[in-house]
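This report refers to the structure that appears directly beneath it.
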Amino acid sequence: MSSAIPCPDEFSAVPAELAAFRPKVALVLGSGLGGFAEACDRLFAVPYAKIPGLPESGVPGHEGEFVGAELGGVRILLAKGRVHYYEGHTPREVAAQVRLMASLGPEVLVLTNAAGTLNPHFAPGGWMMLNDHLNLTAASPLSGGPNFFDMSEVYDARLRDLFRGLAGESGLALHEGVYACVPGPQYETPAEVRMLRMLGADAVGMSTVFEAIQARALGLRVAAFSCLTNWAAGVTGQPLSHQEVMETGRSAAAALSVLLGKAMAKMS
Ligand code: HPA
């Protein structure tokens, strides 16, 4: 891990249970997806507020706690809720959670988010595994130094093979595509959505990309999944609502829980 970017002393006061936990997998749960934690055996929980240096989210539906858990015989650290760039946090603050989790030594980071779909073949309610992203925020958690980090394969090809295979076996329709990260907080205009389609995006959201960049820079293998909660603006003519995003996320969470559970067993 010679390319790792160190984060010395950033979190000097991590509660003991968390500091001593050695997860194999770290998992960030996005909007409405916190219910995944119920599928796991819960060992302990630490609210973000108890960790000096970690920013707190003010978005409804984004709980803020780490949960140490076990699933399929594997130790897993869940981050229930994240902070966003649109809340006014810097990219480095957004990625702080990932640096903390990475310091506990997991091999794999799984990121989940809610996203609008702009691919006519990817209907809302389904899941898309990211195979690449477009960072349209014009910002990076690595800025501040000459961190010319290679980004040829952000989303680990071997993990994608694993998840694709398991989804096939379990009859889960798992799409694969490109996630465009926009700054938000407002949803897109129909013209912006047409632009995103021309740029090659399949889904659009406001998270994940800073975390993925940070995790790769720290040497973690990354997998990421978008819960396709709604058609992106202009696709159907219906206005978008945060409520709809949250509800679809909650009802789609079960399918991803099954997939992640199967994947954990393969990672042990
Ligand atoms: N656009 C941006 N972010 C989102 C969307 C969307 O349509 N749905 C959920 N998060």
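Computed from a prediction, not measured in an experiment: that's the story for all the values here. Read the numbers this way: they start at 1 and go in the same order the structure lists the ligands and their atoms.
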Which of the ligand 1 atoms, numbered from 1, are nearer than 4.0 Å to a heavy atom of Met206: 2 (C), 3 (N)

Salt bridge flag under 4.0 Å for residues Arg42 and Glu65: yes

Ala115, portion touching ligand 1 at heavy-atom distance under 4.0 Å: backbone

Enumerated ligand 1 atoms positioned under 4.0 Å from heavy atoms of Thr229: 8 (N), 9 (C)

Glu107/Arg221 salt bridge by N-O under 4.0 Å criterion: no

Those atoms of ligand 1 less than 4.0 Å from some heavy atom in Glu188: 1 (N), 2 (C), 6 (C), 7 (O)

Salt bridge flag under 4.0 Å for residues Glu70 and Arg75: no

Subset of ligand 1 atoms that lie under 4.0 Å from at least one heavy atom of Ala114: 9 (C), 10 (N)

Any N/O pair Asn230/ligand 1 closer than 3.5 Å: yes

Minimum-distance protein heavy atom relative to atom 5 (C) of ligand 1: Gly116 N, 3.3 Å

Phe163/Phe225 aromatic ring centres below 6.0 Å: yes

Sidechain-backbone polar pair: Thr117 side chain, Asn119 backbone, donor-acceptor under 3.5 Å: yes

Salt-bridge present (Arg158, Asp161; N to O < 4.0 Å): no

Trp231-ligand 1 polar pair, N/O distance under 3.5 Å: no

Shortest protein heavy-atom distance from atom 3 (N) of ligand 1, along with the residue and atom involved: Gly205 CA, 3.4 Å

Any Leu130 side-chain heavy atom under 4.5 Å of Val178 side chain: no

Leu240-ligand 1 polar pair, N/O distance under 3.5 Å: no

